[in-house]
Amino acid sequence: MAKVFVIHGPNLGLLGERKPEIYGKYTLDDINSELEFLAKQADIEIDFLQSDSEGEIVSKVGQAKNKYDVIIINPAGYTHTSIAIRDAVEAAGIDTIEVHLSNIYNREEFRNKSLIAPVCVGQVSGFGKNSYVLAFQAALEIIKSASL
Ligand code: DQA
């Protein structure tokens, strides 16, 4: 069975109460439940990690090699700073989709640059909870075309 790994970076455990006008009213549990539902429908195994720690994210991406078909990652604040997460994604060699709830291109200038996106297959940014849903659909397409 194909496997997808969803990684939520720092402060995303606060979703629902953290700046809802920017990040939406949904909690992380709401997002994970929806993805779990979609995964079940598609017969895909799905695992989740929320971590505030850059080192833990680097380690878990490293351990994902040969275990997952696609990674969906919202690196949150580390998007704009973490060469270590970028290197881990590149080294893992797993098709990775970067996700953002907000549109990182119409906010503060420091959010306009992602260090991770260049080593990802693509990025979804600006659709709130649906950014994850769209990323999951993209993951399904990647899994489908890999099995052809
Ligand atoms: C975010 C955007 C980042 O700039 C920010 O640091 C976050 C969340 C998003 O999902 O919109 O924590 O990744």
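Start at 1 and go down the list; that is how both ligands and their atoms are numbered. Note that the structure is predicted; figures quoted are calculated from it, not measured.
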Shortest non-hydrogen contact from His8 to Asn32?
NE2-OD1, 2.8 Å
List the atom of Pro10, the atom of Gly77, and the distance in Å for their closest heavy-atom pair.
CG-N, 4.2 Å
Is the backbone N or O of [Y] less than 3.5 Å from a side-chain atom of [X], with the two atoms forming a donor-acceptor pair by type?
{"X": "Asp47", "Y": "Phe5", "result": "no"}
{"X": "Glu98", "Y": "Ala117", "result": "yes"}
{"X": "Asp43", "Y": "Ala39", "result": "no"}

Between Leu134 and Ile97, is a side chain to side chain contact (heavy atoms under 4.5 Å, CB included) present by the stated rule, with each step listed?
CA-CA 10 Å; Leu134 293 167; Ile97 303 166; over 6 Å; no
Have a look at ligand 1 and work out which part of [X], if any, has a heavy atom under 4.0 Å from it: side chain, backbone, both or neither.
{"X": "Glu98", "answer": "neither"}
{"X": "His100", "answer": "both"}
{"X": "Asn74", "answer": "side chain"}

Around [atom], find the nearest protein heavy atom and jot down its residue, atom name and distance.
{"atom": "atom 5 (C) of ligand 1", "answer": "Arg111 NH1, 3.3 Å"}
{"atom": "atom 8 (C) of ligand 1", "answer": "Tyr23 CE2, 3.5 Å"}
{"atom": "atom 9 (C) of ligand 1", "answer": "Leu101 N, 3.4 Å"}
{"atom": "atom 4 (O) of ligand 1", "answer": "His80 NE2, 2.7 Å"}

May I ask you to check if ligand 1 and [X] share an N or O to N or O distance below 3.5 Å?
{"X": "Ser102", "answer": "yes"}
{"X": "Leu12", "answer": "no"}
{"X": "Arg18", "answer": "yes"}

Could you list the atoms of ligand 1 found under 4.0 angstrom from a heavy atom of Gly77?
6 (O), 12 (O)
Side chains of Asp52 and Gln50: do they bring a donor and an acceptor to under 3.5 Å?
yes
Can you find a side-chain donor-acceptor pair between Asp30 and Ser33 that sits under 3.5 Å?
no
